[in-house]
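Excluded from the calculations below are hydrogen atoms, water molecules and symmetry mates; all remaining heavy atoms, backbone and side chain alike, are included. When a ligand or atom number is given, it counts from 1 through the structure's own listing order.
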Amino acid sequence: MKLNNKVAFITGGTSGIGLETAKLFQAEGAHVVLVGSNADRLAAAGKELNGKALLVRADIRKAADIERAVEQTRAKHGHIDVVFANAGGTTVAPLEAVTEEYVAENLAVNFTGTFFTIQKTAPLLAKGGSIIVTTSFLNTIGYPGLSILAATKAATRSLVRTLGAELAPRGIRVNAVSPGAISTPFYSKIGLSDAVLSEVASSITQKIGLKRFGEPLELAKSVLFLASDDSSYTTGAELVVDAGLTQF
Ligand SMILES: NC(=O)c1ccc[n+]([C@@H]2O[C@H](COP(=O)([O-])OP(=O)(O)OC[C@H]3O[C@@H](n4cnc5c(N)ncnc54)[C@H](OP(=O)(O)O)[C@@H]3O)[C@@H](O)[C@H]2O)c1
């Protein structure tokens, strides 16, 4: 087992990539701490983890919530080995529709939440610890209607370098995983009708080298690589898992 008895703190663990990663981590021997903002989704995810995960309700937009989640983790486990800062989301907004509130909300969920997840968990990590941040294919290619999400994801890519450099002296690695188009509930939340969504999906599929969306498990396996000692000489990097979407 690659994560035997390791404590893994996962945000955005109630759905999609985060939930699939939590299941894989558990199968690899980890004690999972699952963070989510919605009580019902948190409880449902807890059942999928056989009632063995520590479930913590926290809104990633609030640093105080993250601090409380970390304190509950410290109380139960004493330390953290792996952090998967993965929570995120958005709605589509073309240039003319973007408001100050929209920018603030996107920053809070996708950037500030990621930053404070790392800041608050870092004191509980020891030498050999691993932090993984979920970025996006949008941090390298332009896609209409997602300017602010793309910018927040580029900012988190930058964080991985700077915080990787800050934490390297303590033997803690910081890396990013960059998903391409993955089949998760993400797309049902972005505010597009089913008809438009289906057009968008086929247009993206045409641009993907392997001509299909990825499955959450295909992402989870890459996160496991970055979480485990298999990637012991990798830090500050971004592992692109997008079937060629940003490469061809
Ligand atoms: N799917 C893709 O194609 C794709 C592509 C590139 C990047 N990504 C990135 O991958 C990550 C995971 O997305 P996904 O595709 O797995 O989507 P998802 O199924 O919608 O999962 C998003 C997760 O983020 C959590 N979250 C959202 N707002 C939160 C908040 N304020 N506080 C705490 N948790 C919050 C959600 O939990 P709640 O239950 O609390 O809402 C949920 O667990 C995101 O960062 C996303 O940007 C996805």
Side-chain angles (χ1 to χ4, degrees), residues 9-24 32-46 48-49 53 55-69 84-92 104-117 120 132-141 143 146 148-157 159-160 176-192 197 200-201 204-205 207-208 212-220 222-223 238-243 245-246:
F9 184 96
I10 302 177
T11 72
T14 60
S15 172
I17 293 166
L19 179 56
E20 204 60 38
T21 302
K23 288 191 220 167
L24 183 60
V32 170
V33 180
L34 211 65
V35 181
S37 66
N38 178 285
D40 293 339
R41 281 196 290 278
L42 202 52
E48 291 203 46
L49 293 166
L55 306 178
V56 187
R57 196 167 165 197
D59 183 338
I60 210 75
R61 295 171 297 184
K62 299 176 186 160
D65 271 27
I66 301 170
E67 203 164 349
R68 196 171 34 76
F84 185 29
N86 162 74
T90 195
T91 52
V92 171
E105 170 68 15
N106 271 271
L107 271 173
V109 173
N110 298 299
F111 176 74
T112 321
T114 301
F115 177 84
F116 284 111
T117 297
K120 305 296 180 197
I132 304 108
V133 170
T134 306
T135 55
S136 171
F137 65 95
L138 294 166
N139 68 10
T140 52
I141 60 170
Y143 202 88
L146 292 171
I148 306 303
L149 174 68
T152 64
K153 290 295 189 180
T156 56
R157 171 65 186 96
L159 267 189
V160 164
V177 65
S178 176
I182 309 302
S183 298
T184 72
F186 180 90
Y187 292 94
S188 61
K189 302 172 188 171
I190 61 175
L192 297 179
L197 208 49
V200 169
I204 295 180
T205 303
K207 294 179 180 151
I208 300 171
R212 66 172 177 86
F213 270 49
E215 294 302 322
L217 181 58
E218 295 178 290
L219 251 291
S222 299
V223 182
E238 182 178 57
L239 179 51
V240 174
V241 187
D242 69 3
L245 176 59
T246 58

Of the choices [options], which has the non-hydrogen atom that lies closest to [atom]?
| atom | options | result |
| --- | --- | --- |
| atom 44 (C) of ligand 1 | Leu42, Thr90, Asn86 | Asn86 |
| atom 36 (C) of ligand 1 | Thr14, Leu219, Thr114 | Thr14 |
| atom 7 (C) of ligand 1 | Thr135, Ile182, Thr134 | Thr135 |
| atom 22 (C) of ligand 1 | Ser136, Gly88, Gly113, Gly16 | Gly88 |

Under 4.0 Å from a heavy atom of Arg41: give me the atoms of ligand 1 that qualify, with their elements.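 Numbered from 1, ligand 1 contributes 38 (P), 39 (O), 41 (O).
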Taking C-beta and beyond as the side chain, do Thr90 and Ile148 meet within less than 4.5 Å on heavy atoms?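 SC-SC contact between Thr90 and Ile148 ruled out.
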Looking at side-chain heavy atoms only, is the closest gap between Thr14 and Asn38 below 4.5 Å?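 With C-beta onward as the side chain, the pair stays apart.
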Min N/O separation [X] to ligand 1 under 3.5 Å:
| X | answer |
| --- | --- |
| Pro179 | no |
| Ile60 | yes |
| Ser37 | yes |

Counting only heavy atoms closer than 4.0 Å, does ligand 1 sit against the backbone of Thr184, its side chain, both, or neither?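 The answer is the side chain.
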Salt-bridge contact Lys153-Glu238 (side-chain N to carboxylate O under 4.0 Å):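 No, no charged N to carboxylate O under 4.0 Å.
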Could Arg61 and Glu105 be called an ion pair, given the rule that one side-chain N must be under 4.0 Å from one carboxylate O?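 Counted as a salt bridge, because a side-chain N and a carboxylate O are separated by less than 4.0 Å.
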Is it true that a side-chain atom of Arg57 and a backbone atom of Ser37 form a donor plus acceptor pair closer than 3.5 Å?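 Yes: the side chain of Arg57 pairs with the backbone of Ser37.
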